[in-house]
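Data first, discussion second: the structure below is written as structure tokens.
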Amino acid sequence: MAEEKKQPRIGVFVCHCGTNIAGTIDVESVKDYAATLPNVIVADDYQYMCSTPGQAKIIDAIKDHDLTGIVVAACTPRLHEPTFRTATKEGGLNPFRFEMANIRDQNSWVHMHDPEGATAKAKDAIRIAAAKASLLEDLYPKSVPVEHAAMVVGAGVGGIQAALDLANAGIKTYLVEKNPTVGGRMSQLDKTFPTLDCSQCILTPKMVDVGRHPNIELHTYTEVESVDGYIGNFDITLRKKARGVMSQDEATAKGIVGGGCNGCGDCAAACPVIKPNPFEFGMAPRKAIYIFHPQVVPLVYTIDFDACVKCGLCVEACGEKKAIDLEMTDTFETVKVGTVILSTGYDMFEIEKKREWGYKQFDNVITSLEFERLICASGPTGGHLIRPSDGETPMKVAFVLCAGSRDNTGVGKPYCSRFCCMYSLKHAHQIMEKIPGCQPYIFYMDIRSFGKMYEEFYYRIQNEGAKFIRGRVANVLEDAKTKNLHVYAEDTLLGRPVDLEVDMVVLAAAVQPTENIDPVRKMFGVSCSQDGWMLEAHPKLNPCGTTTAGVFLAGVCQGPKDIPDTVAQAEGAASAASIPIHTGKVELEPYFAQCLEEKCAGCGMCISQCPYSALDLIEKDGKQVMHVTEAKCKGCGTCGGFCPGGAIYMQHFTTPQIVAQIDAFLLGGEQ
Amino acid sequence: MAKGYNDPAMEEKFQDRYFHATTESNPEFIKEVERLGRTPAHMCFQCGTCTGSCPSAPRSSYRIRKFMRRAVLGLEREALTDPDLWLCTTCYSCSDRCPRDIAPTDVIMAMRNLAFKEDIVPRNFLKTIQLIYNTGHGVPNNDVNRAARVKLGLEAEPETTHKYPEFIPGIQKILDHYHMKENADRILSEGEQ
Ligand SMILES: Cc1cc2nc3c(=O)[nH]c(=O)nc-3n(C[C@H](O)[C@H](O)[C@H](O)COP(=O)(O)OP(=O)(O)OC[C@H]3O[C@@H](n4cnc5c(N)ncnc54)[C@H](O)[C@@H]3O)c2cc1C
Ligand code: SF4
Ligand code: SF4
Ligand code: SF4
Ligand code: SF4
């Protein structure tokens with residue numbers, strides 16, 4: 001700061017943004033006004049300032065007029081601040097001598113119907129920006145090293161794919177899954193549209209790969225306990241839930257030679273406690289010591305300690321393997337990673353809340369995920385679709401689409417769940433294939449078969465004989481004697497009410513974010529959109545990123561998507577997450593607090609104010625002074641606003657800069 | 001039947017069957033319906049849940065969804081002159097279930113109000129007005145009902161204007177304020193001419 005200060009020389013550039021700005025704001029008069037402001041040496045305008053010729057104007061003006069600061073009045077810093085900073089740098093100035101006036105998002109767009117007011121507001125914004133630009137200083141970003149490791153939270157198909165990509169790129173990857181096995185929802189599916197591959201068959205090889213990849217450290221039955229740090233240096237504490245059973249590696253580590261769970265299942269055979277298996281939605285039993293299904297990864301049994309009576313029969317059955325420890329407790333482990341991918345997937349909406357469709361009231365109304373288990377060869381009925389009421393084979397099945405989706409009543413979900421149209425077509429195909437003569441009726445509002453080869457799939461199912469009725473189901477009632485169901489709707493194309501008697505109703509229930517996801521999301525500083533899905537940094541330009549640097553999203557946790565889209569996004573997230581790791585360092589924006597040590601009284605009161613724990617007191621020249629851990633400081637300004645001695649100095653948002661902005665606004669430029 | 005162009009039945013068939021969105025619809029109609037009905041009728045996406053829920057639809061030609069469509073498109077004449085407008089029982093089943101949170105019942109009520117302004121009301125509705133005016137009831141008590149009530153151990157007349165006829169003038173005052181009876185009498189007498 002001590003360097004000799006030149007008289008400020010500012011250049012102002014007003015962007016038309018096509019008609020986005022110029023359609024509302026009188027750009028010419030704004031530019032002329034800018035030229036009259038104090039310290040402004042040159043003012044110009046251009047159709048698209050972000051274009052190459054637009055940027056060239058900045059670069060040339062810096063050289064031609066020996067400028068010290070640049071103001072661009074345009075869209076939004078979120079979109080183009082980096083662009084104009086680069087241009088400022090190319091012109092030979094420090095990039096932090098650039099200031100943006102937001103005259104599109106915060107002006108022409110919102111004041112579209114008031115051109116005069118918008119023009120006046122643009123002048124204010126530029127005057128304020130120029131006042132700050134006159135006081136801007138050179139700043140230098142700090143770079144911090146990035147840990148050569150990543151974490152993926154959630155091991156559905158999205159998390160599995162992201163972990164494999166990262167691991168194959170040579171990055172040590174921690175894959176964390178709350179369930180005892182990886183696989184997520186996809187392992188509950190029978191076949192997958194539109195190719196009708198067997199879901200387990202295409203997923204299992206990937207599950208096995210994550211289980212034995214040398215770069216992947218798999219933590220199943222584990223949850224994130226706490227998160228500390230920042231991009232490049234996250235310290236994440238994991239809670240490894242007590243599973244009651246040791247893997248072979250864990251046993252070896254404990255010195256039990258040749259011991260550990262080998263998945264033989266002798267324990268489960270001995271266990272006397274029977275519980276419903278949640279993987280089969282309670283349609284099949286499991287023991288207190290269990291695995292979800294035969295293909296689990298890792299193949300290690302888990303004890304449900306809420307159900308276990310500690311009889312010890314399993315310990316006996318396990319014998320020499322000594323895998324079971326009935327006194328096992330949760331353990332904690334902290335790992336350091338550079339970047340994180342969240343891939344926590346979805347749950348089904350509680351469709352019983354829409355009482356008119358009778359789920360949980362009538363035996364033969366089931367959800368689509370229950371259907372997947374019933375039609376699956378490895379499911380509770382060995383692949384025989386049966387009516388829960390009497391075990392009979394249904395010959396007429398109604399599929400209710402948009403069950404709780406596209407629903408603005410406050411009971412359902414306002415969004416389209418995106419894969420139900422397609423899986424309901426698949427379900428219709430499956431019953432026609434497996435049960436000769438079985439007739440599917442699909443009640444739909446629109447069929448949204450948007451993907452590659454999806455419309456062709458629709459065509460195929462229609463050709464196979466599925467009946468489509470355009471109308472949303474109004475209600476379902478049961479014939480108490482036969483347990484058959486009456487489906488009421490309007491065939492909107494005929495304009496006639498429909499009363500269809502069927503053997504079974506399958507509800508394509510809406511999906512919603514995984515339960516209890518909010519604490520996890522908040523630990524990583526990721527916001528959610530109105531409907532609870534995790535929020536991407538930008539829906540079009542940064543769909544895998546979040547507003548927390550170094551944290552990325554993959555799969556349905558960001559919003560409903562099918563397997564192809566989930567996998568594509570997972571690969572995108574893995575690529576994005578590997579960039580800082582391969583670069584080895586990240587630059588931090590130099591907006592951190594600084595301490596003017598001669599003014600600091602060493603009171604330490606700022607320390608408790610800082611939401612990011614970035615401040616400490618240190619001893620310097622025999623005096624206590626405040627010290628900032630720059631990598632932790634987010635530049636929020638809490639400490640700067642608070643310090644009673646005015647000793648804290650916020651880079652790029654200094655008190656003189658802010659006072660100059662306020663003066664410029666209040667005094668109308670007559671400083 | 002000989003193929004002839006003088007045949008009125010054929011003439012009817014040859015008529016233009018296109019929907020002329022710009023000439024048939026009145027954009028003010030939806031605004032008026034929404035002002036009276038206080039429900040966002042223009043958000044209807046024609047799912048048919050309303051008709052599917054309606055107890056009237058399976059017994060008649062009445063399709064509430066079609067009235068929603070007419071509201072959206074501003075088909076004022078078609079809506080107000082369709083006798084089906086009067087088949088709603090105002091049970092509100094459709095309003096309970098509409099996934100767009102629209103109250104189709106209130107759309108029907110708004111349209112009925114607009115129709116009444118143009119004297120388009122079925123005779124039985126007008127007679128109901130007269131009954132309410134004279135007795136305080138749309139469906140007044142009768143002897144069969146009285147006998148049944150007594151048999152059940154109730155008083156012959158319920159706790160209404162049947163028992164307290166002194167409240168009838170109050171009801172008449174309300175109806176007079178809206179010229180309901182006056183209009184009902186006038187329309188009914190015009191019909192009899
Ligand atoms: C009935 C039905 C049929 C379908 N059929 C098809 C089809 O045929 N074809 C197709 O393409 N798509 C289909 N889908 C869609 C498919 O299920 C999804 O696209 C896919 O499963 C999304 O994968 P994911 O990894 O994002 O989420 P998920 O599979 O939900 O995986 C998320 C994982 O994260 C774990 N997790 C959650 N929270 C935490 C936490 N806090 N800590 C650690 N781990 C956590 C979960 O336990 C889970 O294992 C179907 C969906 C349904 C409902
Ligand atoms: S100790 Fe628990 S898990 Fe083992 S057999 Fe007994 S009830 Fe089952
Ligand atoms: S995918 Fe189809 S059934 Fe599912 S909510 Fe969307 S439109 Fe409705
Ligand atoms: S239920 Fe609602 S959205 Fe559906 S057709 Fe009726 S009014 Fe329209
Ligand atoms: S309120 Fe009227 S339109 Fe709606 S369901 Fe009842 S009778 Fe039908």
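Every chain is numbered from 1 and lettered A, B, ... according to where its sequence line falls, protein lines coming before strand lines. All heavy atoms count here, side chains included; hydrogens, waters and symmetry mates do not. Source: prediction; values computed, not measured.
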Crowded around [X] [atom1]? As in, over 12 foreign heavy atoms under 6.0 Å?
{"X": "F450(A)", "atom1": "CZ", "answer": "yes"}
{"X": "M453(A)", "atom1": "CE", "answer": "no"}
{"X": "R186(B)", "atom1": "CZ", "answer": "yes"}

Minimum heavy-atom distance between G52(B) and A474(A), given as atom pair plus value: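 Residues G52(B) and A474(A), closest heavy atoms: C-CB, 3.3 Å.
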Contacts with chain A made by residues 135-155 of chain B (heavy-atom distance under 4.5 Å), listed by residue number: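 Within residues 135-155 of chain B, near chain A: nothing under 4.5 Å.
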I'd like a table of all donor-acceptor pairs linking chain B to chain A (distance under 3.5 Å, no angle check), giving the atom names and the distance to one decimal.
| residue | atom | partner | partner atom | Å |
| --- | --- | --- | --- | --- |
| Q46(B) | O | R470(A) | NH1 | 2.7 |
| Q46(B) | O | R470(A) | NH2 | 3.2 |
| C47(B) | O | R472(A) | N | 2.9 |
| T49(B) | OG1 | R472(A) | NH1 | 3.0 |
| T51(B) | OG1 | E490(A) | OE1 | 2.7 |
| R63(B) | NE | G495(A) | O | 2.4 |
| R65(B) | NE | E490(A) | OE1 | 2.8 |
| R65(B) | NE | E490(A) | OE2 | 3.1 |
| R65(B) | NH2 | E490(A) | OE2 | 2.8 |
| R65(B) | NH2 | T492(A) | O | 3.1 |
| P99(B) | O | N408(A) | N | 2.6 |

Residue C98(B) versus chain A: region with a heavy atom under 4.5 Å: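 Backbone only.
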